[in-house]
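Below is one structure, written out as structure tokens; the observations come after it.
Order of appearance sets the numbers: ligands from 1, and atoms from 1 within every ligand.
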Amino acid sequence: MDILYPVALPALNGNEKDYVLDCLDSTWISSNGSYIHKFEQGFAEFCQTKHAMACSNGTTALHLALLAHGVEEGDEVIIPTFTFVATANAVTYCKATPVFVDSEPDTWNLCPQHIEAKITPRTKGIIAVHLYGHPADMDPIMDIARRHGLFVIEDAAEAVGAQYKNRMVGSLGHTAIFSLFGNKIITTGEGGMITTNDDSVANKIRLLKGQGMDPNRRYWYPVIGYNYRMTNIQAAIGCAQLEMAEWHIGQRIQSARHYIENLQDCTAITLPVEKIWAKNVYWMFSAVFHEFTEEQRDEVMHGLRRMGIETRPFFYPMHTLPPYKNLQAADEFPVANRICAQGINLPSYAGLTANDIEHISSCLKKVLYEVSSEERR
Ligand SMILES: *Cc1c(COP(=O)(O)O)cnc(C)c1O
């Protein structure tokens, strides 16, 4: 059966086309141009930060942020084991070592209580990931960082517009990164953004993303830099997306409400939470089948696929992936081990109607029932 409901679908229903055509007409298609500046300015305003620097994607944004905070060979950076692989890889690009912590059972974000035990004399900082749109518990994380002299980078790739105690993600740590990949809440196709209030971090990032060229001396390179720039065309799409950011975010929240209405009576499913101190933007609406094995979870996904509904499994925890599995013992992460094997992401995109979600939810319940009764037979 064809896919009727994909997991993700970008919505380009604002001024995207006009602005891109404007780039083409003007021939400003490369990484100079007015949209870059406008997009950075708008993004900083949206996140309530002093600086925003556009770059080529969320992964290069992480790499730049770590470099700007001085991460180098031999350093350790604490990250949640339950995250997208880019968080760990960016640490590795700096020849540093990611040190994994387990997740909170309800928000699925890195658990502040487990951080301090992982701090060593080599620890430089912490990356707090706002997974699937729910902010990490930043106050205790910032407190630990302050006491140990560590930096905190927010990986807000999945959480544009989310709030922690009425403050915007992107403005909570020392530096934050966003992804603007096609399946993220707002997109530029491929793209990334870095936000900070720190002038020196902002200057380092601007330097490093443009080959390290001295801003006052052309073709003079005091450091080894990178070409991690965003194009004006990407930024043009970003400007149009940002104009409608509240709509994009509102669509996710509305979808989540409909899913919750339809699924909350189903005792076999754990749904995402929204802590009283949080605004969850529900990048990917998720379900955890807390009584199922990984095989049964996969059967649910296959069953839904047969009904034209695409889903995806939760990320594998970093400590299980071949490049990282020898770093720490798997039994240090009981929460992540469990939820990563039991969780799926459901179709989550702007434009899903209440009827679509009612249909998807009833298919999910039907498949759940089938998979559970198979087990009993
Ligand atoms: C998407 C994502 C990234 C990487 O972003 P890209 O733009 O795909 O490079 C990093 N961290 C998390 C948590 C993500 O979800």
Side-chain angles (χ1 to χ4, degrees), residues 7-10 39 43 52-67 77-94 98 100-101 103-104 107-110 125-136 138 141 152-162 169-170 172-173 175-195 205 209 226-231 234-235 237-238 241 248-249 252 272 280-286 312-318 321 324 336 339-340 343-345 348-349:
V7 162
L9 196 66
F39 186 37
F43 210 96
M53 285 76 63
C55 61
S56 50
N57 59 60
T59 309
T60 54
L62 276 166
H63 190 193
L64 289 168
L66 290 164
L67 291 169
V77 179
I78 293 173
I79 72 169
T81 189
F82 184 15
T83 182
F84 180 61
V85 69
T87 320
N89 285 350
V91 174
T92 309
Y93 299 161
C94 302
F100 308 125
V101 296
S103 311
E104 296 181 323
T107 68
W108 311 327
N109 283 320
L110 87 169
I126 303 166
I127 305 179
V129 183
H130 307 310
L131 200 72
Y132 299 137
H134 192 290
M138 290 301 288
I141 295 169
V152 177
I153 294 171
E154 295 171 70
D155 181 342
E158 307 176 355
V160 69
V169 308
L172 307 165
T175 301
I177 73 94
F178 294 85
S179 167
L180 302 161
F181 185 64
N183 68 7
K184 298 287 160 73
I185 296 177
I186 66 169
T187 183
T188 58
E190 293 273 4
M193 191 67 85
I194 307 159
T195 54
I205 286 167
K209 79 170 190 173
Y226 302 83
N227 178 358
Y228 282 175
R229 294 180 300 254
M230 174 181 272
T231 67
Q234 288 168 289
I237 297 172
Q241 292 270 298
H248 288 283
I249 293 158
R252 304 284 166 148
N280 189 346
V281 287
Y282 300 99
W283 169 54
M284 288 257 156
F285 194 83
S286 308
R312 62 172 61 164
F314 274 13
F315 305 126
Y316 289 102
M318 295 302 106
L321 300 177
Y324 298 118
I339 52 189
C340 292
I344 65 169
N345 303 127
S348 307
Y349 50 89

Between ligand 1 and the protein, which N/O pairs fall short of 3.5 Å?
from     : atom 1 : to     : atom 2 : distance (Å)
ligand 1 : 5 (O)  : Ser179 : OG     : 3.2
ligand 1 : 7 (O)  : Gly58  : N      : 2.8
ligand 1 : 7 (O)  : Ser179 : OG     : 2.7
ligand 1 : 9 (O)  : Asn57  : OD1    : 3.4
ligand 1 : 9 (O)  : Gly58  : N      : 3.3
ligand 1 : 9 (O)  : Thr59  : N      : 2.9
ligand 1 : 9 (O)  : Thr59  : OG1    : 2.5
ligand 1 : 11 (N) : Asp155 : OD1    : 3.3
ligand 1 : 11 (N) : Asp155 : OD2    : 2.8
ligand 1 : 15 (O) : Glu158 : OE2    : 2.5
ligand 1 : 15 (O) : Lys184 : NZ     : 3.1

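Between the side chains of Tyr324 and Thr92, at least one donor N or O sits under 3.5 Å from an acceptor N or O.
For Lys184, there are no salt bridge (charged side-chain N to carboxylate O under 4.0 Å, His left out) partners at least two apart in sequence or on another chain. Legend: residues meeting ring pair (Phe, Tyr, Trp, His ring centres under 6.0 Å) with Trp283, ordered by chain and number and at least two apart, are absent. Partners of Tyr316 by ring pair (Phe, Tyr, Trp, His ring centres under 6.0 Å), not counting sequence neighbours: none found.
Between Tyr226 and Lys209 there is no side-chain heavy-atom pair separated by less than 4.5 Å.
Looking at every heavy atom in both residues, Thr60 comes nearest to Cys55 through OG1-SG, 3.8 Å.
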